[in-house]
Student: 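This is the structure I have questions about; it appears just below.
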Amino acid sequence: QVQLVESGGGLVQAGGSLRLSCAASGRTLSRTAMGWFRQAPGKEREFVATISWGGGTKYSADSVKGRFTISRDNAKNTLYLQMNNLKPEDTAVYYCAARRGIATMIRDEYDYWGQGTQVTVSS
């Protein structure tokens, strides 16, 4: 199966930047779509961005302003999320996810999940 491990979270002030990484391992990782989701306390896990195996991307309303950029390095089996101009509202646990097939924003259609990395943005 597939194991996903996030890293790069931390404590930052508003306006700062973070780059999250998600390292994937396991069998048959080729042709997977991947995504980033986040979950704040008391809220449901929400979609942030997704990227297809070929590099096509789609973003949530929170990230279409250009603050967040999703990318992947298939040779390294690694997913990234560059987050700029962070706001306190971005505070959440960020999860990476993967699935065989097309990129999707639907949470329940992903098969594999990391354990998450905490992002905290102070004002």
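Side chains included, hydrogens not; waters and symmetry mates left out as well; all remaining heavy atoms used.
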Student: Just by distance, do the side chain of T117 and the backbone of G9 share a donor-acceptor pair under 3.5 Å?
Tutor: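 Judged by distance alone, yes, a pair lies under 3.5 Å.
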Student: In this structure, would Y95 and M34 fall into the same cluster of hydrophobic residues linked by side-chain contacts under 4.5 Å?
Tutor: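 They do not share one cluster, since no chain of ILVMFWY contacts under 4.5 Å joins Y95 to M34.
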Student: Would you name the heavy atoms of V93 and G116 that are closest together and state the gap between them?
Tutor: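 What the structure gives for the nearest pair is CG1-CA, 3.8 Å.
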Student: Measuring only between side-chain heavy atoms, which start at C-beta, is Q3 closer than 4.5 Å to Y112?
Tutor: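 Heavy-atom side-chain distance check fails, nothing below 4.5 Å.
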Student: Would you check, one step at a time, whether the test side-chain contact (heavy atoms from CB on, under 4.5 Å) holds for Q115 with V5?
Tutor: CA-CA 7 Å; Q115 293 187 15; V5 180; over 6 Å; no
Student: Hey, is the main chain of N85 close enough, under 3.5 Å, to the side chain of R67 for a donor-acceptor pair?
Tutor: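 Yes; at least one donor-acceptor contact below 3.5 Å.
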Student: Is M105 reachable from Y59 through a run of I, L, V, M, F, W or Y residues, each pair having side-chain heavy atoms under 4.5 Å apart?
Tutor: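 Different clusters.
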Student: Between R38 and R45, is there a side-chain heavy-atom distance shorter than 4.5 Å?
Tutor: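 With C-beta onward as the side chain, the pair stays apart.
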Student: Consider only side-chain N and O atoms of S52 and R72, and report whether a donor and an acceptor are under 3.5 Å apart.
Tutor: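 The criterion, which ignores hydrogens and geometry beyond distance, is not satisfied for R72 and S52.
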Student: Please check if any side-chain donor atom of S122 sits under 3.5 Å from a side-chain acceptor atom of Q13, or the reverse.
Tutor: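 S122 vs Q13: no donor-acceptor pair found between side chains.
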Student: For the residue pair A40 and A92, what are the closest heavy atoms and their distance?
Tutor: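 Here A40 and A92 meet closest at N-CB, 3.9 Å.
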Student: Kindly give the heavy-atom pair with the smallest separation between G101 and A33, and that separation in Å.
Tutor: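 Nearest heavy atoms, G101 then A33: O-CB, 3.4 Å.
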Student: Could you check if a side-chain atom of V48 sits within less than 4.5 angstrom of a side-chain atom of L81, using non-hydrogen atoms only?
Tutor: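 In contact.
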Student: Consider side chain to side chain contact (heavy atoms under 4.5 Å, CB included). Of W36, F68, F47, which one does S60 pass it with?
Tutor: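 Going through W36, F68, F47 one by one, the side chain to side chain contact (heavy atoms under 4.5 Å, CB included) with S60 is satisfied by F47 alone.
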Student: Any chance the side chains of T78 and D73 put a donor and an acceptor closer than 3.5 Å?
Tutor: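 Distance-only check fails for T78 and D73.
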Student: Does E6 reach the main-chain N or O of C22 with its side chain, forming a donor-acceptor pair under 3.5 Å?
Tutor: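 No: the side chain of E6 does not pair with the backbone of C22.
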Student: Work out which heavy atom in L18 is nearest to a heavy atom in L86; give both atom names and the distance.
Tutor: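 Heavy atoms of L18 and L86 come nearest at N-CD1, 3.8 Å.
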Student: Quick one: pull up CE in M83 and CG in L20 and give me the separation to the nearest 0.5 Å.
Tutor: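 If I round to the nearest 0.5 Å, the distance is 4.0 Å.
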Student: Whether the T50 and Y110 side chains hold a donor-acceptor pair (N or O, under 3.5 Å, no angle test) is what I'd like checked.
Tutor: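 Present: a donor and an acceptor within the cut-off.
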Student: Grab the two heavy atoms, one from S71 and one from L79, that are nearest each other, plus how far apart they are.
Tutor: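 Taking S71 first and L79 second, the nearest heavy atoms are O-CD1, 3.3 Å.
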Student: More than 12 heavy atoms of other residues, nucleotides or ligands under 6.0 Å from CD of Q82: is that the case?
Tutor: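 Counting neighbours around CD of Q82, more than 12 heavy atoms of other residues, nucleotides or ligands fall under 6.0 Å, so yes.
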Student: Quick one: is the NZ or CZ of R19 closer than 6.0 Å to the six-membered ring centre of Y80, and within 45° of its axis?
Tutor: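 Yes, cation above the ring, under 6.0 Å and within 45°.
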Student: Output yes when a side-chain donor or acceptor of Q39 lies under 3.5 Å from a complementary backbone atom of E44, and no otherwise.
Tutor: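 Between the backbone of E44 and the side chain of Q39 there is no qualifying donor-acceptor contact (under 3.5 Å).
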Student: Aromatic ring centroids of F37 and W113 under 6.0 Å?
Tutor: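 F37 vs W113: aromatic centres under 6.0 Å.
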